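Report on one structure; see the data block that follows.
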Amino acid sequence: MNRALVEVGALGLLAASVLLLWLRLRRSAGPQSDGGYPTRERIRFELEHLRSQLGRWLTTTDHREVGILYIVFGTVAGLWGGVDAMMLRTELLTPPADIWTPETYNALFTTHGITMLIFFVLPVFFGVGNYFLPLLIGADDMAFPRVNALGFWLLPPALLLARAGLFVQVGGQLLSPVFPQETIRFFLTLREVSVGWTLYAPLSVQTANPQVDLLLIGLHLSGVATTLGAINFIVTILYERAEDVTWATLDIFSWNMLVTSGLVLFAFPLLGSAILMLLLDRNFGTTFFAVEGGGPILWQHLFWFWGHPEVYILFLPATGLLSTILPKFVGRRLFGYKFIVYSTLGLGVLSFAVWAHHMFTTGIDPGVRASFMANSIVIAVPSAIKVFNWLTTMWDGDIRTTAPFILAAGSIGTFIVGGVTGVFLAVIPVDILYHGTYYVVGHFHLIVVGIIPFMMIAASYYWYPLLTGRWYDRRLAQFQSVLLIFGSTVTFTTLLIIGGFGLPRRQAIYPPEYQFASQIATVGAYVIGLAALLWLYNVVASYWRGDPVQSTDPWDLKATGQFTREWQWFEDRMVEKYDLTPAQPASVRPAYDPEGEPAGALGGVGSVAETVSRNAGMAAAGGFVGTVLMSGGLGTAILIGVLDPASFGEIAELVGLPASPLIGAALFLVGGTVTWPLVFLAFQEYLPGRLLFETGLVFATLISTGFVVAFYTGQSGLALIGYVAFVVVAHWAYGLGLSVTFQYLRRRQRARREVG
C-alpha cells in the first residue's frame, strides 16, 4: 500500500472534517438565513473580515494569542504523529510485513518519534505557558513579546522541512504519469527518513536520502525556536512577577516551566551543535562521527546528553499541570509544596547525569556504566516524592469525578507503572536483557503517553470555560477520559508484557506466536485514537454550542480557597464584559477539615431498609473498584511466577464446585465485591487510622495476611518475598479503591442531602 498517499489522504480527511464541522456550527450559531442568495456586500464583508483576522493572527505579539497559536500548531503536529502511530499499529496486526514494506515501517516509527517529541509536546506546553503563566504570576505579558512571536513562527517552517519528504513524494507520484522520470528526479528522490528517530551514526551519515539534510535543518530551526521561548519564560518569571508573588508563593506550574526552560537552555544548544556536525559529515567530508575521527559512539553521547533531559523537558510541565489541577478537584491544597519544588529541581539536575544508561549495550567502560546505573536509580527518588505528594493530596479529599480529575488520577496510575518498570531498566544486567525489546517501548509510553497527553487534555477541560466562556460536553468528556486511560493501559501494558517475553522492537516482521498480543495492543491504540477524536470534536463543537458560563467561579474554587490568579483575571473580565456579579460560594471551608465530616463511612440516616440497601450498593461499588485495582498486582504476580493461579481452584472446592482456577477467580471476585467491603463497613469504626484512607490501608493490610496464608503454595527465597510483596501491594490497591470510592459516594450523599 502506498504510505504517502494514505497518510496525506488521512490528514486531508481529518482537516476537512474539522473545517466542515467548524463552518457548520458557526453558521448554525449565527442569525438564521432568510433563504435568499448572499449579497455582494455580504461576501465582501466576509472577505474583509477574513483578511483582517489573518493579518491579526500573523502579526500578534499578545501572549494569549501566541499561546493559542502554539497550542493549535502542537495539536496539528500531534494528530499528524498520531496518524503515523495508527499506521504502525495497523501493520503489526499481522506477523508479516503485508501492508507496508519494512523500509516504510522504519520511516513511520522515525517520523512518529520526531514529530511527537519535537513538534507536539513542547509547543503545546509552551502554548499553555504563554497563555497562563503571565496570568498566574500577575504579569502583563511575556518579557519579550516580539521574540515570543518570532519563536513561534520559526516552528511551522521547521516542521515542514522535517516532514517535507512526505509531500515531495506525493507530488512525485502525481507528476509521474505526466512527466518523464528524468524531469521529476527531485520529486522521486526524497523519501521520509527511515534511519530511526535517534539518527544514529554511521547510518544517518551514509544514507543518501537528501531528506535527512532537510530534517536536520528543520530540527536545528526548531531548537532555535525552543531556546528563544525558554529564554522568554525565564526572564518573565525572574523579572515580571507581581510584587506579592515571591519564590515561596510562586505557583507550581510556573516553577515547572522555569526548571523546564533551564533544561532547554543547556540541552538544545548542544543538540544544535551535534546536528551541525552531522550535516558537515554528510556534506563536507568531515569525520566527527566516522571511525577515523570521533567515532559513531560520539553521536550517541551528544544525542543522549540532549535526549534524556528532553524526556524531563516534556515531563515536568505535565507534572506541573497535575500538581495544579489535582488539588482543585479533591478540595485540598497541594500537599508538600516545598518538596514538590525540590523534587522538580532535583529531576532537572539529575536528568543531565543519566544519559549513558541509554548506552549500556555499547560496550562503554564498566566503571562508567556503574556510575550511571547508580545515578539512574537515584533519579527515581524525586519522582517518587511527587507521586507520594499527589497521593497524599488526595487523602480524605472531597473528590469530584470530573474529567480533569479522572485524567489526573489516571496519570498517577500509569506513571507509577511506567516509573517502576523504568527502575529495572536502570540496572545494567536487566537493561542489557531488555534493551532492544518492546519492554522499553511499553515503559517509555506508559510515562510519556500516560501523563503528557492526559494532562494536556485535563488542562484543556479545566481552563476551557476561561478560554472560551463556554462549557464543553462534560458527560462526553468523562467518557472520553476513561476511554483514553483504558486504551493507553491496554496498549502499553501489553507491549510491556510481550517485551518481557523478549519480542524485539523496531521490526515490521515478528514471530506468529505474538500475533494475538500484538492485535490487543493495536485495538488499544485504536481506542486511544478514538478518544483523541472525541476530544477534538468536543472542544470544537462546544466552542459554538456549549452552554455559556454563567458564573465567575465555574469550578466553585472559592469554597476551598483555591481561586487562583488566572480565575481572578477571568472574574474581572466577566464582570467588566458581561456585568456578572462575582460568585459567592454557598459555604466556605478550609482546604482540609476532617472534623466537619460525618463520623460514618457513608453517613446519613434513614430507615433500616434504606440504610441496608444504601450500604449494600455502595459496598458493591467500592468492592468492584478495589478488586479491579487489585487484579493488576495479582496478575503481575502470576505472570512473573510468584503466585500459582491453580491455588484459586481451592476456593471452588470449598463451596463444592470443581477445582477450576477460573471458577475460583470468579468466586474471589464476588467475595471482593460483596463480603469484604461489608466487613470493612462493619468494623471501620474500630480500625486504627484517623482518615478513611488510612483506615482502608490498615484493613487491606490485615486481610492480606489471610490471603498470604490461604494461597501459599510452597514458594521460598526470592519467590516468597515477591509473593508477599505483590500480595500486600495488591491489597493496598484494594484498600485504596474502597476508601476513594466510599469518599466519592459520601460526597454525593452529602450533596443530595444539601439539595434536599
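All residue numbers refer to positions in the sequence shown, counting from 1. Computed from heavy atoms alone, side chains included, the values below leave out hydrogens, waters and symmetry copies. None of these values were measured; they are calculated from a predicted model.
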Quick one, Pro327 and Arg332 - any side-chain contact, counting heavy atoms below 4.5 Å? no
4.5 Å side-chain heavy-atom contact, Ser481 and Phe454: no
Please tell me if the side chains of Tyr70 and Phe125 come closer than 4.5 Å, counting only heavy atoms from C-beta onward. no
Please identify which of these residues, Leu263, Leu321, Leu258, meets the side chain to side chain contact (heavy atoms under 4.5 Å, CB included) condition with Leu316. Leu263
Residue from Gln480, Arg474, Gln478 passing side-chain hydrogen bond (donor to acceptor under 3.5 Å, both in side chains) with Tyr461: Gln480
Assess Arg241 against Trp247: is NZ or CZ under 6.0 Å from the centre of the six-membered ring, and within 45 degrees of the ring's axis? yes
Have a look at Asn130 and tell me which of Asn148, Thr236, Asn232 forms a side-chain hydrogen bond (donor to acceptor under 3.5 Å, both in side chains) with it. Asn148
So, taking the atom named CG in Leu484 and the one named OG1 in Thr414, what distance separates them when rounded to the nearest 0.5 Å? 9.5 Å
Which pair of heavy atoms, one from Pro404 and one from Tyr472, lies closest together, and at what distance? CD-OH, 4.0 Å
Should the heavy atoms of other residues, nucleotides or ligands under 6.0 Å from CH2 of Trp732 be counted, would the total exceed 12? no
Angle between ring planes, His308 versus Tyr312, binned at 30° and 60°: parallel, tilted or perpendicular? tilted
So do the side chains of Glu240 and Pro134 get within less than 4.5 Å of each other, counting heavy atoms only? no
Using the test side-chain contact (heavy atoms from CB on, under 4.5 Å), find all partners of Leu580 that sit at least two apart in sequence or belong to another chain. Thr552, Met574, Tyr578
My understanding is that only residues two or more places apart in sequence, or in another chain, count here; which of them pass ring pair (Phe, Tyr, Trp, His ring centres under 6.0 Å) with Phe253? none
Check Phe126 against Ala230 and note the closest heavy-atom contact, atom names and distance. CE2-N, 3.9 Å
Heavy-atom count check: over 12 atoms from other residues, nucleotides or ligands less than 6.0 Å from Phe352 CZ? yes
Using only atom types and a distance under 3.5 Å, with no angle test, would you say the side chain of Trp555 pairs donor to acceptor with the backbone of Tyr462? yes
Taking the ring of Trp463 and the ring of Phe132, is the distance between their centroids below 6.0 Å? yes
Kindly check if the number of other-residue, nucleotide or ligand heavy atoms within 6.0 Å of CZ (Phe624) is above 12? no
Take atom CZ of Phe335 as the centre, draw a 6.0 Å sphere, and report whether it contains more than 12 heavy atoms from other residues, nucleotides or ligands. no
Does the side chain of Lys386 come within less than 4.5 Å of Ile340's, by heavy atoms? yes
Any side-chain heavy-atom pair from Ile416 and Val387 closer than 4.5 angstrom? yes
Looking at every non-hydrogen atom in both residues, tell me the closest pair between Thr75 and Val124 and how far apart they are. N-CG2, 4.0 Å
I would like to know whether Thr695 and Ser739 meet side-chain contact (heavy atoms from CB on, under 4.5 Å); could you show each step before the answer? CA-CA 8 Å; Thr695 310; Ser739 55; over 6 Å; no
Ile237 and side chain to side chain contact (heavy atoms under 4.5 Å, CB included): which partner among Leu250, Leu136, Val245? Leu250
Taking atom CZ of Phe388 as the centre, report whether more than 12 heavy atoms of other residues, nucleotides or ligands fall under 6.0 Å from it. no
Would you please name every residue forming a side-chain contact (heavy atoms from CB on, under 4.5 Å) with Met116, sequence neighbours left out? His112, Phe120
Check ion pair Asp244-Arg565 (N to O, under 4.0 angstrom): yes
When rounded to the nearest 0.5 angstrom, what distance separates CD1 in Ile137 from CG in Leu133? 5.0 Å
